[in-house]
Amino acid sequence: MSTVRAIRGMHDILPEQTCYWQYLENVISDVLGSYGYGEIRLPVVEYTALFRRSIGEVTDIVEKEMYSFEDRNGESLTLRPEGTAGCVRAVVEHNLLATPQRLWYSGPMFRYERPQKGRQRQFHQIGVEAFGIATPDIDAELIALTARLWRALGVVEHVQLQLNSIGSSTARRHYRDALVSYLAQHRDALDDDSVRRLDTNPLRILDSKHPATQALLAGAPALADYLDEESRADFARLCELLDAASVPYVVNPRLVRGLDYYNKTVFEWVTDKLGAQGTVCAGGRYDGLVEQLGGKATPGIGFAMGKERLVLLLEAAAQVLPAIPAADLYVVNAGKAAELAAFVAIEDLREQLPALRIVQHAGGGSFKSQMKKADKSGARWALIWGEDEAAAGTVTVKPLREQGQQENMAVAAVAGYLAQHTTSSEG
RNA sequence: GUGGCCGUAGCUCAUCAGGUUAGAGCACCGGAUUGUGACUCCGGAGGUGGAGGGUUCGAGACCCUUCGGCCACCCCA
């Protein structure tokens, strides 16, 4: 097709889908509000250096997935591939870190990847971050919040929480050395990707899907044995809090996260309902990141949820949302006089009943075709303005969905009629 | 970046040893009721067969390229 088209992996969300999105967004913002988190709105574009410094130079995101381009002044900019870096930048820039901050944001992210189920080049995340709290109570709070969200969305039976601690950066460095020296001895048993990661990002070998590699890892040194005391204690406390709150989890000692800035607690909510891209929400602690980006040393922890994946999960969980008709009321009008009378009266009606969705027919057409449109719209009533009505100053209200005769009434009586029928038969 | 499957009407699909004006259902528009929807009946419109090239007397079908979709790897939300 030579006509205009969207960029690969960047999808429109059409009206029939947006009801899921709105539902999701409403539930999420309610739950976040109930924990006292405040919304922060962030730019979609940042200096490229921000992401290089925070996400990590050797990560796939930075190496090959960023949408980077030069500004007109030669500055390298990047469409954000994730939200945490920009959020940290913002709280540092605006000096919000004097006291703890609980924040959330929502919006599009961009990664140049091969599209797949649950993965697009422009996708949407909701991110939640808490700054300035070093103790594991905040870890537990964030996780409890997500658990509450799954309950609210009706998908809690379809997700599982995986939890791990990857320790302090020094503990992790010691562990990494031990892991590398172990794996280096068995280099020929490793798959190609893992061999490559031996030099770049050895911890990621832990969650390799290769059976042979996994078998090899059974004999490898365990991350848990290298944890520093504080990480160990904090992790134990986190587990204790989650147990107390009856939030089920499984400790996955192989769980490491892809971005460099994580330490201590890492977690993922996964589902088996979405094919290969089963992670629906993931995050962890990043105590060094604020300082790394030039702020005063401040602990942080956060997570991100993929909205596309949550919408898919809602659908997979058969969370069927009631179809919302486009209109409550469809206004049929015949003739110039009727059109004018209807136009004026309907504006007034909207004033009186702002919650009512009123569609006035536009574009002409026969009376019959207008009635068909009224029916197709899903409206509960047709408001009929013909030449007789226009002359008499009345209007005919015809129920389209239920029993009952149409009634001719004074224009001024319509609001009362509708108000009465709307409240009496709802719920 | 790698691999597999797939692009025919708005949607779901058919056609086909390569052979005249590419079909159906649903949706859409009009009529049967000159002011009344749904059901029914009748009629109509709608496709340069993703795009570009090639083979052939002839290509939607075969070949190549390209773009896109889906799925998986990689990686991640």
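Since this is a predicted model, take the numbers as computed values, not measurements. A, B, ... follow the sequence lines: proteins, then strands. Residue 1 opens every chain.
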Exercise for the section: Go through the steps for A:Arg254 and A:Gln214 under the test side chain to side chain donor-acceptor pair (under 3.5 Å), then give the verdict. Expected result: CA-CA 10 Å; A:Arg254 300 278 162 77; A:Gln214 277 301 326; 2.7 Å; yes
Problem - Test log, rule side-chain contact (heavy atoms from CB on, under 4.5 Å), inputs A:Leu163 and A:Ile143 - result: CA-CA 10 Å; A:Leu163 201 59; A:Ile143 290 170; 3.8 Å; yes
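Between the side chain of A:Glu65 and the base of B:C74 there is no donor-acceptor pair of N/O atoms closer than 3.5 Å. One donor-acceptor pair, N or O on each side, does fall under 3.5 Å between the base of B:C74 and the side chain of A:Arg119. Counting distance only, with no hydrogens placed and no angle test, the side-chain atoms of A:Arg204 and the base atoms of B:C74 include no donor-acceptor pair under 3.5 Å.
Comparing the P positions of B:G50 and B:C11 gives an interatomic distance of 13 Å, to the nearest angstrom. Rounded to a whole angstrom, the distance from the C1' atom of B:U8 to that of B:C13 is 9 Å. Separation of the C1' atoms belonging to B:G7 and B:U65 is 16 Å when rounded to the nearest angstrom. With both ends at atom P, the span from B:G54 to B:G43 equals 44 Å, rounded to whole Å. Across B:G3 and B:G10, the matching P atoms stand 33 Å from one another, rounded to whole Å. Across B:A77 and B:C39, the matching C1' atoms stand 48 Å from one another, rounded to whole Å. Between the C1' atoms of B:G31 and B:A14, the separation comes to 30 Å (whole Å).
Residue A:Gln122 contributes atom CD, which lies 17 Å from atom P of B:A77 at whole-angstrom precision. Put simply, CG on A:Leu255 is 11 Å from P on B:A77, counting in whole angstrom units. For the pair A:Gln162 CD and B:A77 C1', the interatomic distance rounds to 15 Å; values are reported in whole Å. Straight-line distance from the CG atom of A:Asp207 to the P atom of B:C76: 7 Å, rounded to whole Å. A straight line from OH of A:Tyr112 to P of B:U2 spans 10 Å, rounded to a whole angstrom.
Comparing B:C74, B:G1, B:A77 by their nearest atom to the side chain of A:Arg114 picks out B:G1. Considering only the side chain of A:His210, B:C74 comes nearest among B:C74, B:A77, B:C67. In this structure, the nucleotide among B:C74, B:A77, B:C73 sitting nearest to the side chain of A:Asp60 is B:C74. Side chain of A:Leu259, nearest nucleotide from B:G3, B:C70, B:C76: B:C76.
Across every strand in view, B:U20 sits unpaired, with no contact that passes the Watson-Crick or G-U test at under 3.5 angstrom. In this entry B:C70 has B:G4 as its Watson-Crick or G-U wobble partner, both defining distances falling under 3.5 Å. In a base pair of the Watson-Crick type (N1 to N3 plus N6-O4 or O6-N4) or a G-U wobble (N1-O2 and O6-N3), with each distance short of 3.5 Å, B:U55 is matched with no nucleotide. Across all strands shown, the partner of B:C28 is B:G44, judged by Watson-Crick or G-U wobble contacts whose two distances both fall under 3.5 Å. Using N1 to N3 plus N6-O4 or O6-N4 for Watson-Crick, or N1-O2 and O6-N3 for G-U wobble, each under 3.5 Å, B:G49 pairs with nothing. Shown here, B:A14 forms no base pair; nothing in the strands shown gives a Watson-Crick or G-U wobble contact with both key distances under 3.5 Å. Across all strands shown, B:U34 has no partner, as no Watson-Crick or G-U wobble contact with both distances under 3.5 Å is found.
Annotation: cation-pi geometry satisfied between A:Arg121 and A:Tyr112 (NZ/CZ under 6.0 angstrom from ring centroid, within 45° of ring axis).
Place A:Lys209 and A:Ile7 on RNA chain B by their nearest nucleotides, and A:Ile7 ends up nearer the 5' end. Comparing A:His11 and A:Gln125 along RNA chain B, the residue whose closest nucleotide (by nearest heavy atom) sits nearer the 5' end is A:His11.
Listed by chain and residue number, A:Ile384, A:Glu389, A:Gln406, A:Asn408 satisfy the side chain to side chain contact (heavy atoms under 4.5 Å, CB included) test with A:Thr396 (two or more places apart in sequence, or in another chain).
Note on A:Gln116: a side-chain N or O is less than 4.0 Å away from OP1 or OP2 of B:A72. Note on A:Arg8: a side-chain N or O is less than 4.0 Å away from OP1 or OP2 of B:G69.
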Report each atom pair, protein N/O against N/O of nucleotides 27-36 of chain B, whose distance is under 3.5 angstrom.
| residue | atom | partner | partner atom | Å |
| --- | --- | --- | --- | --- |
| B:C28 | OP1 | A:Lys376 | NZ | 3.1 |
| B:G35 | O6 | A:Asp388 | N | 2.6 |
| B:G35 | O6 | A:Asp388 | OD1 | 3.0 |
| B:G35 | O6 | A:Asp388 | OD2 | 2.6 |
| B:G35 | O6 | A:Glu389 | OE1 | 3.3 |
| B:G35 | N1 | A:Glu389 | OE1 | 2.5 |
| B:G35 | N1 | A:Glu389 | OE2 | 3.3 |
| B:G35 | N2 | A:Glu389 | OE1 | 3.4 |
| B:G35 | N2 | A:Glu389 | OE2 | 2.7 |
| B:U36 | O2' | A:Lys398 | NZ | 3.4 |
| B:U36 | O2 | A:Lys398 | NZ | 3.1 |
| B:U36 | O2 | A:Gln406 | OE1 | 3.4 |
| B:U36 | N3 | A:Gln406 | OE1 | 3.1 |
| B:U36 | N3 | A:Gln406 | NE2 | 3.3 |
| B:U36 | O4 | A:Gln406 | NE2 | 2.9 |

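Contact annotation: the side chain of A:Tyr37 never approaches that of A:Leu103 to less than 4.5 Å [non-hydrogen atoms, C-beta and beyond].
Residues A:Ser168 and A:Asn263 have side chains that never bring a donor and an acceptor to within less than 3.5 angstrom of each other.
Note on A:Ala282: only backbone sugar-phosphate atoms sit closer than 4.0 angstrom, heavy atoms only; bases stay farther off. Within 4.0 Å (heavy atoms only), A:Glu63 reaches no atom of the nucleic acid at all. Within the nucleic acid shown, A:Gly283 has no heavy atom closer than 4.0 Å to any nucleic acid atom. Counting any heavy atom pair closer than 4.0 Å across all strands shown, A:Gly335 reaches no nucleic acid atom. Backbone-only engagement by A:Ala304 is indicated by non-hydrogen atom pairs under 4.0 Å involving sugar-phosphate atoms exclusively. Residue A:Arg111 is classed as a base contact, given a heavy-atom separation below 4.0 Å to a base.
The pair A:Lys372-A:Asp375 does not meet the salt-bridge criterion, since no charged nitrogen lies less than 4.0 angstrom from a carboxylate oxygen. Classification of A:Lys307 and A:Glu25 as a salt-bridged pair holds, one side-chain N sitting under 4.0 Å from a carboxylate O. Between A:Glu339 and A:Lys336 there is no salt bridge, since none of the side-chain N atoms of the basic residue sits less than 4.0 Å from a carboxylate O of the acidic one.
In this structure, the ring of A:His124 has its center less than 6.0 angstrom from the ring center of A:Trp21.
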